[in-house]
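Contents: one structure, followed by commentary.
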There are 2 protein chains.
Amino acid sequence: MNKMREYDVVILGSGIAGSMIGAILARQGLSVLLVDGVAHPRFAVGESTVGHTSAMIQLIASRYDVPEIAHLSSHRRIRENVSAACGVKRAFGFVYHRDDGSQHAEEANQFVIPPLMHGLESHLFRQDVDSFMFQVACKYGADFALSAQVEDVAVDDDGCKVKLKGQAEIRCRYVCDGTGFRSVLASKYGLRAAPDALETRSRSIFTHMIDVKPYDSCIPKRYHGMPIPWFQTTLHHCFDGGWVWVIPFNNTRAPVNPLCSVGVTFDCDRYQKTNRDPEDEFFEFANRFPSVRQQFAKARKVRPWVSTDRLQYTSTKTVGDRWCLLVHAAGFIDPLFSRGLALTMDSIFFLADRILKAFKADKFDEKDFAFIDALSLGGIKYHDQLVATSYRSWKDYRLWNAWLRIWALGEAGLDQLRILKAHLEFGKYGKMEALEKLEDVIHPGLLCPDSLQYEELFRKSRQAIAEATGGARSAEEASRAVFKMIDDAELFAPNVGISDPEVRVFGHNQKATLRAFYWGRWKAKDHVKKYYDMEMLEVLKLMSKNFRDLFDPQLKLAEHQIAPSP
Amino acid sequence: MNKMREYDVVILGSGIAGSMIGAILARQGLSVLLVDGVAHPRFAVGESTVGHTSAMIQLIASRYDVPEIAHLSSHRRIRENVSAACGVKRAFGFVYHRDDGSQHAEEANQFVIPPLMHGLESHLFRQDVDSFMFQVACKYGADFALSAQVEDVAVDDDGCKVKLKGQAEIRCRYVCDGTGFRSVLASKYGLRAAPDALETRSRSIFTHMIDVKPYDSCIPKRYHGMPIPWFQTTLHHCFDGGWVWVIPFNNTRAPVNPLCSVGVTFDCDRYQKTNRDPEDEFFEFANRFPSVRQQFAKARKVRPWVSTDRLQYTSTKTVGDRWCLLVHAAGFIDPLFSRGLALTMDSIFFLADRILKAFKADKFDEKDFAFIDALSLGGIKYHDQLVATSYRSWKDYRLWNAWLRIWALGEAGLDQLRILKAHLEFGKYGKMEALEKLEDVIHPGLLCPDSLQYEELFRKSRQAIAEATGGARSAEEASRAVFKMIDDAELFAPNVGISDPEVRVFGHNQKATLRAFYWGRWKAKDHVKKYYDMEMLEVLKLMSKNFRDLFDPQLKLAEHQIAPSP
């Protein structure tokens with residue numbers, strides 16, 4: 001057991017979020033105690049990274065001088081420094097299945113993630129990644145109490161008291177709650193908002209499986225004409241009412257981990273929870289779609305299925321004097337678009353700085369943490385809108401094909417440039433203001449938080465889709481309207497084809513990125529041009545450094561790995 | 001939860017042993033349920049393999065046609081197919097520390113393990129290896145009930161009933177108990193033998209740590225003049241009263257796992273258990289010896305310390321009609337010499353065949369499993385003698401230097417040849433008799449179970465050491481007597497130097513192996529010569545195949561990895 005009875009910070013929860021903030025604060029000289037109800041290693045979901053996640057991981061590592069955190073910023077770095085059991089994510093993959101079971105070749109999209117600021121994205125085998133992060137916290141001196149039950153947390157003007165079952169009281173000056181859904185502080189302070197505060201209404205069934213076939217081997221060769229094997233994407237099988245995720249950990253040339261994360265998330269009103277076996281329920285979804293059925297024909301679970309209740313929750317507030325909730329303790333929407341880890345990294349990036357400053361000033365006022373509150377609650381709110389509209393759009397591929405662009409523009413558009421700029425300025429000149437400027441946003445938690453134009457596009461497109469699914473206008477018309485709005489907004493370089501419904505592959509390669517930069521610096525409107533205002537030589541250096549990750553021999557699959565199965 | 005209520009075999013415990021026998025039986029067509037009180041992944045100890053372990057793993061894989069099991073037979077195969085988080089074990093390393101804290105350069109030994117039948121040995125990161133084995137069982141169709149509490153097991157003439165808490169009764173025809181120390185069946189049938197049935201009396205304190213220094217960096221360069229860096233051995237710091245283990249997982253050129261397994265095992269009468277913090281207790285041992293203290297100067301735990309009670313237990317019987325205990329459910333002695341996993345593999349190798357035959361004949365009589373009982377109880381008994389004598393011998397390095405040879409002769413001597421022979425005959429001609437012949441032994445569970453001469457040497461040397469520590473003769477005299485007995489027994493090729501107290505490095509390289517083969521085939525006494533009666537061409541083929549593992553670039557440490565730390 002921990003010997004000290006006094007710490008600067010007690011962190012409840014030692015998952016990736018709790019451990020990462022623990023590592024940062026310990027590295028920066030605070031005494032830290034990580035408290036957790038269980039121990040490591042342990043299963044966790046939240047496996048897929050996106051550009052925002054990895055970019056923020058890099059910024060966190062350099063801002064707080066914890067180089068080990070940067071090991072999590074690309075697939076190659078993870079494989080070489082953290083765990084060989086993680087998969088690669090070269091693209092988001094979306095395959096749309098119609099209600100009658102058919103899957104049309106042209107109703108599929110890929111969003112290819114270019115290795116710009118960091119390398120390629122990953123499928124994180126969370127048991128390894130979370131253990132690693134916990135170990136880094138230990139390395140920098142964080143103490144821990146595992147398999148410990150929190151009996152009470154009490155905060156007053158002088159500090160906090162944390163009482164663990166069967167142990168003497170622990171005193172500290174600040175408490176971070178990273179305990180997720182069952183948040184200790186949210187239940188103590190009654191912070192959970194009414195469930196109807198959120199639009200999305202979904203539940204999920206998931207597990208890890210062995211012998212899941214690569215989707216490429218379940219469809220005719222070159223059926224979709226896509227650039228990246230589906231096997232190397234985070235694959236979403238979308239249908240009216242829900243989506244199936246397929247996140248392989250074995251999708252490199254010589255994988256060591258044969259597993260695949262598998263789950264289905266779906267409308268919890270249309271499919272109400274019963275006492276049925278979750279495995280049967282999962283296969284009922286999968287078997288509706290012939291190619292999906294084939295993908296799981298030989299698959300066997302290697303852990304019990306988890307069947308959740310409704311996934312969504314949020315909070316009325318997330319910070320207070322001497323305490324805060326990390327974002328998953330504050331709320332959660334849906335695994336769609338892998339937004340959970342991205343929000344977590346945002347929350348850590350901005351929170352750690354505030355905690356350190358609070359310790360310097362010995363002042364732990366709620367109001368100094370207001371931005372964190374806005375960021376968490378905004379992140380949850382906007383993700384809710386993004387997801388709820390996605391579920392609606394699955395009624396008709398045309399709606400989905402349009403809405404998907406709104407997400408992609410936000411996920412990989414201007415926001416990545418904003419972060420890249422801060423990264424370059426901080427990296428080259430050590431300008432702390434460059435990082436602090438990232439707080440100058442209009443809509444905290446939105447995918448592009450500092451663009452009025454993006455918010456308008458997001459809001460109006462969402463409206464158009466709701467009208468179509470509500471019956472006020474046709475899918476064709478609403479979809480055309482969204483595409484027109486995208487075109488008019490001129491938020492991104494035309495060569496990428498984001499506003500062309502016939503272009504099913506978006507995101508882009510290095511060459512297209514350079515053309516987009518050319519467009520951004522010379523042709524874009526002023527409110528877009530400012531995003532491209534950075535030193536091109538530095539951008540080129542970074543691109544060429546990360547470009548080599550595309551030639552990683554582990555990416556090249558052998559023919560037999562994705563060949564049609566007999 | 002599992003849907004079936006009837007299985008052929010229910011296996012209690014899904015650790016490496018339960019899962020491996022589950023994989024075998026499922027692969028061979030039986031319906032199998034694995035039951036466990038917890039889930040994967042999870043921490044486990046038993047991390048170091050020896051030649052016998054890896055050789056038996058290979059035999060198990062080929063005998064029962066489960067190729068995945070063979071992935072565990074060498075460091076390289078594990079790294080490429082199971083987990084990159086495991087360390088390499090190129091040698092057993094023994095460093096003797098005197099009571100006054102001094103460590104003399106000539107009081108250290110290495111037992112270098114030559115890659116003969118398989119590649120190099122491993123430091124298994126058990127959470128990964130156990131998960132892998134469990135997944136293989138799932139792949140072949142084993143069902144599982146995890147986080148399940150066994151309420152009762154009842155066996156009658158018709159079959160067995162297993163009752164799990166909160167679930168309907170499960171019926172099966174055979175029950176294997178792989179639940180270790182807290183064995184369900186041992187407690188149900190009252191099988192535990194009186195504790196004074198065993199000589200060894202030790203307890204242990206252990207954990208995993210980060211930032212443990214390689215021992216090489218804590219001593220002057222080339223201090224011991226050893227061929228293998230201590231960093232790449234399973235390192236034993238032996239002292240009068242106990243031993244410290246150091247099992248690094250980060251001892252290759254580009255490791256992904258920064259951890260090291262660390263523990264101390266010691267006389268539980270001399271050091272009685274109190275309520276003290278186990279970390280303090282561990283460091284009290286480590287700090288007595290300056291170079292060991294330095295090795296742990298910066299080390300930090302990444303899991304809670306475990307402090308056990310007395311480790312030793314055994315059983316009065318281990319098999320019955322329709323049930324058996326796997327060896328760790330039957331008994332355990334001490335982690336010394338990494339014998340636990342070796343005994344487990346023996347038990348699985350011989351047991352699976354009997355279970356399959358029992359199902360074929362639909363006859364589950366205790367008497368058909370008598371050999372398994374003899375093997376388990378013999379294994380425990382002889383290991384007890386081996387360990388108890390080792391603890392005694394640490395009073396004086398001269399005794400230990402002699403006794404160590406008795407172990408080495410057994411571990412790597414004639415027994416490896418016996419297994420190699422069976423492997424070649426079965427591999428080349430598919431002769432099942434070659435495998436069955438491995439049961440023709442005189443002393444089941446002894447390191448060399450089929451050699452009268454070895455048993456005599458073992459017994460008499462043990463006696464000599466006991467006399468020396470009992471005061472009946474001097475250490476010098478007893479040690480000389482043991483060396484003389486080794487010399488007289490002529491059990492091994494003289495070129496290896498096993499009977500020369502000045503030779504501190506034993507085991508051997510490929511060249512020495514070939515010379516030993518020459519000696520064995522032409523010069524050895526008849527009772528030894530028979531071990532060498534195998535096709536030399538096949539031996540050479542195997543040796544040259546495995547020889548390349550010595551040139552694995554991952555083995556070559558960078559200078560800075562073992563450089564003296566500042």
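Because the structure is a prediction, the values reported are computed rather than measured. Order of the sequence lines sets the chain letters (A, B, ...), proteins ahead of strands, with each chain counted from 1.
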Separation of [Y] [atom2] from [X] [atom1] (nearest 0.5 Å):
X	Y	atom1	atom2	result
Asn257(B)	Asp128(A)	CG	CG	9.0 Å
Ser131(A)	Phe125(B)	OG	CZ	6.5 Å
Ile210(B)	Phe132(A)	CD1	CZ	8.0 Å
Arg303(A)	Leu146(B)	CZ	CG	8.0 Å

Other residues, nucleotides, ligands: >12 heavy atoms within 6.0 Å of Arg276(A) CZ: yes
Heavy atoms from other residues, nucleotides or ligands near NZ of Lys273(B) exceed 12 (cutoff 6.0 Å): yes
Residue selection (most heavy-atom pairs with chain A, distance under 4.5 Å) from Ser83(B), Ala137(B), Gly141(B): Gly141(B)
Chain A contacts, top residue of Cys138(B), Pro258(B), Pro41(B) (heavy-atom pairs, under 4.5 Å): Pro41(B)
Side chain proximity check, [X] to [Y], heavy atoms < 4.5 angstrom:
X	Y	result
Gln135(B)	Leu259(A)	yes
Phe144(A)	Lys301(B)	yes
Asp211(A)	Lys139(B)	yes

Proximity breakdown for His208(A) and chain B, heavy-atom pairs closer than 4.5 Å: neither
Engaged part of Gln127(B) at the chain A interface, taking heavy atoms whose separation is under 4.5 Å: side chain
